[in-house]
Amino acid sequence: MEIKKKMALGIVSALAVVGLTACGNGGDVVKTDDGNVTKDELYEAMKDKYGAQTVQQLTFEKVLEDKYKVSDKEINAEVKKYKDQYGDQFSSVLAQSGLTEESFKENIKYNMLVTKATEANTKTDDKTLKEYYKTWKPDITVSHILVGDEKTAKEIEAKLKDGAKFSDLAKQYSTDTATKENGGKLDAFGPGKMDPAFEKAAYALKNKGDISAPVKSQYGYHIIQMDEPASKTTFEKDKAKVKEAYLASQVNQENMQKALKKVYKDAGIKVEDKDLKDAFKDYTSSSSSSNK
């Protein structure tokens, strides 16, 4: 069990079918004694149900690919995070959402392209970043032991106070299969990336080696150890990290929508299929505004 990223499930799997069915004319998809289902029938049915979403994604992806690059290495690295998080359940989680690993990768790619467009549409001048720096918190690195009940958490807390090694107890007790064999160590993270209760308790630990009391989150009870505390220096020295954190904080649904509205406006998109004439209606409002 993990305490951060949720599976970024999107519309690719169902939508990919629409694209595939559109590739061929005529022919049968299913044959029965009482009549056949043709490719054209399947395409029309899928277009009615998923067409607007599909044409949006396929169009924006084509336009964004001309402006931004997402490498296979980036995609595979992101997919690996989910594989590490879900472990043996990864395939079943995909299947439950009608996705294959390949369609999930397509979804990851699209999300990355939209993220890059959103970042490019975001102001990052010194005035903006200095204001953000006032409340910015650097990334921290912690280890944790996750268990299902408070009683077990308190037993672990007592053993730690008696001198037991944190990493040994993580391997013995933690239910977080993604981190337990590494002594419970998590990747570095910043504000907004973890369960709120977990994040608050982690940032409250100021010194390397500090250990929290049991902390309840939506996943269970955690004991947290500070490995690398926050280290804030000066704006000039921290600027690159501040910019990265600020951009990440601005990649939200509202700003993604603004970025895609700008993409739509600049790309000269025209829908030729009358059945899909309203597919981009959410991106044509005059209230569209840019962060730039």
Side-chain angles (χ1 to χ4, degrees), residues 1-10 78 80-87 89-90 93 97 108 111 114-115 118-119 122 128-129 131-157 160 166 169-170 173-180 182-232 238 241-257:
M1 183 181 292
E2 255 286 11
I3 55 175
K4 47 181 179 179
K5 282 185 175 289
K6 294 293 186 183
M7 187 72 84
L9 302 175
E78 189 67 12
K80 185 178 183 299
K81 293 178 183 178
Y82 290 102
K83 286 185 174 181
D84 290 344
Q85 176 180 343
Y86 286 92
Q89 297 180 335
F90 178 73
V93 171
S97 300
I108 292 291
N111 289 340
V114 176
T115 294
T118 305
E119 290 176 346
T122 301
T128 300
L129 294 181
E131 186 63 30
Y132 181 72
Y133 187 66
K134 293 177 182 178
T135 56
W136 172 71
K137 294 179 180 179
D139 286 0
I140 58 176
T141 303
V142 303
S143 296
H144 81 133
I145 301 170
L146 174 63
V147 294
D149 60 273
E150 186 177 17
K151 180 182 177 182
T152 304
K154 287 184 174 180
E155 289 175 2
I156 294 169
E157 181 183 28
L160 288 167
F166 192 96
L169 294 179
Y173 286 98
S174 186
T175 60
D176 183 352
T177 56
T179 66
K180 64 181 297 179
N182 193 32
K185 191 166 186 175
L186 291 160
D187 292 336
F189 64 90
K193 298 296 180 64
M194 296 291 191
D195 174 274
F198 183 94
E199 179 183 309
K200 182 179 180 181
Y203 269 98
L205 302 172
K206 299 304 180 185
N207 302 305
K208 185 173 182 177
D210 285 354
I211 296 175
S212 73
V215 179
K216 185 179 181 181
S217 78
Q218 59 180 308
Y219 303 100
Y221 288 83
H222 309 260
I223 306 287
I224 307 169
Q225 175 180 265
M226 176 57 70
D227 296 329
E228 296 177 31
S231 179
K232 193 171 183 177
D238 292 335
K241 293 179 180 178
V242 173
K243 181 178 179 179
E244 182 181 357
Y246 178 70
L247 285 172
S249 74
Q250 296 303 297
V251 178
N252 54 45
Q253 195 62 41
E254 180 182 357
N255 288 336
M256 285 179 171
Q257 187 81 350

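- Evaluation of the salt bridge (charged side-chain N to carboxylate O under 4.0 Å, His left out) test over residues 145-154, restricted to residues two or more places apart or in two chains, returns Glu150-Lys154.
- Interatomic distance, Ile223 CD1 to Tyr173 OH, rounded to the nearest 0.5 Å: 11.5 Å.
- Listed by chain and number, the residues in a salt bridge (charged side-chain N to carboxylate O under 4.0 Å, His left out) with Glu199 amount to none (sequence neighbours excluded).
- Cation-pi check for Lys185 over Phe166 is not met; the charged atom does not lie both under 6.0 angstrom from the ring centroid and within 45 degrees of its normal.
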Glu244/Lys241 under salt bridge (charged side-chain N to carboxylate O under 4.0 Å, His left out): CA gap, chis, key distance, verdict: CA-CA 5 Å; Glu244 182 181 357; Lys241 293 179 180 178; over 6 Å; no

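- Residues Val251 and Met256 share a closest heavy-atom pair of CG1-CE, 3.2 Å.
- Ser217 and His222 share a side-chain donor-acceptor pair at under 3.5 Å.
- When all heavy atoms of Asp227 and Ser143 are compared, the pair lying nearest together is OD2-OG, 2.6 Å.
- Annotation: the span from Leu160 atom CG to Ile211 atom CD1 amounts to 4.5 Å, rounded to 0.5 Å.
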Name each donor-acceptor pair under 3.5 Å that joins a side chain in residues 201-209 to protein atoms two or more places apart or in another chain, with its distance.
| residue | atom | partner | partner atom | Å |
| --- | --- | --- | --- | --- |
| Tyr203 | OH | Pro138 | O | 2.7 |
| Lys206 | NZ | Tyr203 | O | 3.2 |

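- Listed here is the closest heavy atom pair of Val147 and Ile156: CG1-CD1, 3.7 Å.
- Taking CD1 of Ile108 as the reference point, atom NZ of Lys81 lies at 9.5 Å (rounded to 0.5 Å).
- Looking only at atom types and distance, the side chain of Asn255 has no donor-acceptor partner in the side chain of Thr118 under 3.5 Å away.
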Can you check side chain to side chain contact (heavy atoms under 4.5 Å, CB included) on Glu78 and Asn111, steps first, answer last? CA-CA 11 Å; Glu78 189 67 12; Asn111 289 340; over 6 Å; no

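- A perpendicular orientation is assigned to the rings of Phe198 and His144, their planes being inclined by more than 60° (bins at 30° and 60°).
- Contact between Leu247 and Glu119 at its shortest, heavy atoms only, is CD2-O, 3.8 Å.
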Start with the C-alpha gap between Thr152 and Tyr221, add the side-chain angles, then the distance that decides, and say whether side chain to side chain contact (heavy atoms under 4.5 Å, CB included) holds. CA-CA 9 Å; Thr152 304; Tyr221 288 83; over 6 Å; no

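- Between the NZ atom of Lys243 and the OH atom of Tyr132 there is a distance of 14.0 Å, given to the nearest 0.5 Å.
- To the nearest 0.5 Å, the span separating NZ on Lys137 from CZ on Phe189 amounts to 10.5 Å.
- Tyr82 is not listed as a side-chain neighbour of Val93, based on a closest heavy-atom distance of 4.5 Å or more.
- Here the shortest heavy-atom pairing between Met226 and Ile140 reads CE-CD1, 4.1 Å.
- Ala178 and Asp84 make their closest contact through CB-O, 3.2 Å (heavy atoms, listed as atom of the first residue, atom of the second, distance).
- Residues Leu129 and Trp136 form no side-chain contact, since every pair of their non-hydrogen atoms from C-beta on lies 4.5 Å or further apart.
- Taking OH from Tyr219 and CG from Leu146, the interatomic distance works out to 10.0 Å, rounded to the nearest 0.5 Å.
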